[in-house]
Amino acid sequence: MSFEHGLQPSDVLTNQELMSTFKCAMVGGMRYSHRTNALVLSSDHTKSLYDDR
């Protein structure tokens, strides 16, 4: 099964666009969608909680 999302690596999505595209929950850094069989990882670089290391 293939899921065509049409996104590019540099795309920036709002939370609403993320939920709409992947049919996932509205909160969390790791969101699994049973409907699209996707694991969505998100981070907010305006907060130091998710600094890349």
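As the structure is a prediction and not an experimental result, all values here were calculated from the model.
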Can you find a heavy atom in the side chain of [X] that is under 4.5 Å from one in the side chain of [Y]?
{"X": "Y32", "Y": "V40", "result": "no"}
{"X": "H5", "Y": "T36", "result": "no"}
{"X": "H34", "Y": "K23", "result": "no"}
{"X": "L7", "Y": "F22", "result": "yes"}

Run the side-chain contact (heavy atoms from CB on, under 4.5 Å) test on L18 and M26 for me, step by step, so that the C-alpha distance in whole Å, both residues' side-chain angles and the decisive distance to 0.1 Å come before the verdict. CA-CA 8 Å; L18 193 68; M26 70 171 79; over 6 Å; no
Quick check: closest heavy atoms across E17 and L13, and the distance to 0.1 Å?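 Looking at all heavy atoms of both residues, the shortest contact is OE1-CA, 3.3 Å.
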May I ask you to decide if C24's main-chain N or O and R31's side chain share a donor-acceptor pair within less than 3.5 Å?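 Between the backbone of C24 and the side chain of R31 there is no qualifying donor-acceptor contact (under 3.5 Å).
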